[in-house]
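I have placed the structure first, in the form of structure tokens, so that the comments after it can refer back to it.
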Number of protein chains: 2
Amino acid sequence: MLNKNVFLEKYFLMTRSEENYLKTIFHLGGGDSKSITTNAIAEQMETKPSSVTDMAKKLSEKGLVDYVRYQGVSLTDAGIKTALSIIRKHRLWEVFLVKKLDFSWDEVHEVAEQLEHIKSEKLIDKIDALLDFPKYDPHGDPIPTKDGKFQERDEKLLSDMPINSNGICVGVKDSSVPFLKFLDKNKIALGNTIKVLDKEDFDNSLRIQMNGKEMRISHQIASNLYVKKND
Amino acid sequence: MLNKNVFLEKYFLMTRSEENYLKTIFHLGGGDSKSITTNAIAEQMETKPSSVTDMAKKLSEKGLVDYVRYQGVSLTDAGIKTALSIIRKHRLWEVFLVKKLDFSWDEVHEVAEQLEHIKSEKLIDKIDALLDFPKYDPHGDPIPTKDGKFQERDEKLLSDMPINSNGICVGVKDSSVPFLKFLDKNKIALGNTIKVLDKEDFDNSLRIQMNGKEMRISHQIASNLYVKKND
DNA sequence: ATCTATTTTTAGTTTTGTCTAAATTTAAAT
DNA sequence: ATTTAAATTTAGACAAAACTAAAAATAGAT
């Protein structure tokens, strides 16, 4: 009974703000027992370092982060678990919006930021099943499993692919709206086949074949596209 | 520009709490230019009258309710519009949960209470379309249209139906979990045909034919079922 | 090793939404 | 028309989450 209450307090009764902090810390690498500075978190969340300090103390009290003054925070196992459950929800909702409601991949983030905080295990499990248990979100980011497992993919940046190598476009590094819209406009989509034909030493631009059609791509673009090698 | 900001402040930037107050006031009849007392609102929301007073002032400042000290509040046109948009979202999400995710009708309320606060016009319009623009929620309550129109139905309580009259079960007055579970257990569902065979003067219980099968129903039950008359 | 510049924390304030307790108003009853 | 009981509001306090400005600690450069 006491045990159950502890569970309820730490897992169910997380505030929206606490959840957002955990998510951010995870994305900044705080799950790899790396210390993330309050400054870095503040910048990412567009808030002030002093606010982060307050929250660091609170999350530390709840056993979700390890916090050392003037050093930074890293996630505990409980913190990682919670962060992954939020990221899981976020990404599943993104898939739902795209696959079931015809949202475009540049529209989903904002809405998913809200939906990820809905508290109902049954709901997200049903959404998962409705979508047939997708492994990746619309931007190619992996969706953690229910028990918090992360399936990393063997992918590299297009800009790091050698000449004459083949692959499939599987994800974006930058998922900002302008970048995604740019990709749409240029018919670059996840799932496309890619062959690197040539690299220009001068500006690092690439000549590639995408879905059979030849095109030229700037380094800026190539360094934000993830590709899975074929061979 | 200034005008747009006013719109943003009053419509988009409603807090969850404000939305819940408006919804409650509407459900208590505050949309019919009837004054709802702070006490009634407090009881419904399981909060204190003094808290309601505070919120009444705030909503009044925003032009969403008319508030007269010691009298109570009623919704303005803007308040009604906002309340209806929340109720619309709530009921559409309920339909979604039942029709697309196989929730039972006694499970949906709690989750819909969260989902109704998601801020995305596009999202709820897409959900509406996905569901093929349903007119009623799983409990038979009408879903307001996008422009805030309410389609009332010509329905009466089963307990008020005369002997030998026929109808279709279209809604529940009490949508508490125990009542809904009771109906499930007794195979009483919306859409069932109903004929009143006999009334017992002693305890006001009814003998009815439901989907061809004869059964006896207490007054307690009959006074919480809405029926649409056939003839 | 000391001094700065930067980072981080502390202390104190604000806003939102709630509460309790006290004061006020209303309404009902004589 | 008073009186009293009930309803309602006010005043003051609190918790959460943020902020600003000042203080403290760290790290880099000499």
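Keep in mind that what you see is a predicted model, and the values were worked out from it rather than measured. Proteins get letters first, then strands, A, B, ... in listed order; numbering begins at 1 in each.
We find that CE of B:M14 is positioned 14 Å from P of C:dT16, with the value rounded to whole Å. Counting to the nearest Å, the C1' atom of D:dA18 and the CD atom of A:E46 are 15 Å from each other. One interatomic measurement links the two molecules: CD1 of B:I41 to C1' of D:dT8, which rounds to 12 Å at whole-angstrom precision. When the C1' atom of C:dT8 is taken as reference, atom CG of A:D54 falls 12 Å away, rounded to whole Å. Atoms CD (A:Q71) and C1' (D:dA25) sit 10 Å apart, rounded to a whole Å. Residue A:R69 contributes atom CZ, which lies 14 Å from atom C1' of C:dA11 at whole-angstrom precision. Atoms CZ (A:R16) and P (D:dA18) sit 12 Å apart, rounded to a whole Å.
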Using atom names, set out every protein N or O paired with an N or O of nucleotides 21-23 of chain D below 3.5 Å, distance rounded to 0.1 Å.
none

N/O contacts under 3.5 Å, protein versus nucleotides 14-16 of chain D?
none

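For the side chain to side chain contact (heavy atoms under 4.5 Å, CB included) test, residues two or more places apart in sequence or in another chain that qualify with A:S218 are A:Q220, A:I221. For B:R153, the salt bridge (Lys or Arg N to Asp or Glu O under 4.0 Å) criterion is met by B:E155, not counting sequence neighbours. A:V68 is linked by a side chain to side chain contact (heavy atoms under 4.5 Å, CB included) to A:Q71, counting only residues two or more places apart in sequence or in another chain. With sequence neighbours excluded, the residues that form a side-chain hydrogen bond (donor to acceptor under 3.5 Å, both in side chains) with B:D203 are B:S205. Scanning for side-chain hydrogen bond (donor to acceptor under 3.5 Å, both in side chains) contacts around A:S176 gives A:D174, with sequence neighbours left out. For A:D32, the side-chain hydrogen bond (donor to acceptor under 3.5 Å, both in side chains) criterion is met by no residue, not counting sequence neighbours.
In the set D:dA18, C:dC19, C:dT10, D:dA18 carries the atom at the smallest distance from any side-chain atom of A:S51. The side chain of B:K48 sits closest to C:dC19 out of C:dC19, D:dA18, C:dT9. Each of C:dT9, D:dT10, C:dC19 was ranked by its minimum atom distance to the side chain of A:P49; first place goes to C:dT9. Among the nucleotides C:dT10, C:dT18, D:dT9, the one closest to any side-chain atom of B:Y21 is C:dT18.
Nucleotides of DNA chain D nearest to B:V68 and A:M55 differ in position, and the one nearer the 5' end is that of B:V68.
Sorted by first and then second residue, the ring pair (Phe, Tyr, Trp, His ring centres under 6.0 Å) pairs involving residues 14-52 of chain A (not counting sequence neighbours) form an empty list. The salt bridge (charged side-chain N to carboxylate O under 4.0 Å, His left out) analysis of residues 20-29 of chain A, with sequence neighbours excluded, yields the pairs A:K23-A:E113, A:K23-A:E116. Sorted by first and then second residue, the ring pair (Phe, Tyr, Trp, His ring centres under 6.0 Å) pairs involving residues 71-92 of chain B (not counting sequence neighbours) are B:H90-B:H109.
Look at B:Y67 and you won't find any side-chain N or O under 4.0 angstrom from OP1 or OP2 of D:dT8. Between C:dC19 and B:T47, a contact under 4.0 Å exists linking OP1 or OP2 to a side-chain N or O.
Annotation: proximity of residues 31-39 of chain B to DNA chain C (heavy atom, distance under 4.0 Å) is found for no residue.
A distance of 12.0 Å separates CD1 of A:I127 from CZ of A:F133, quoted to the nearest 0.5 Å.
More than 12 heavy atoms of other residues, nucleotides or ligands sit less than 6.0 Å from atom NZ of B:K199.
As judged by a 4.0 angstrom heavy-atom cut-off over every strand, A:S17 is placed among residues touching the sugar-phosphate backbone only.
Relative ring orientation between A:W93 and A:F96 is described as perpendicular, the plane-to-plane angle rising above 60° on a 0-90° scale split at 30° and 60°.
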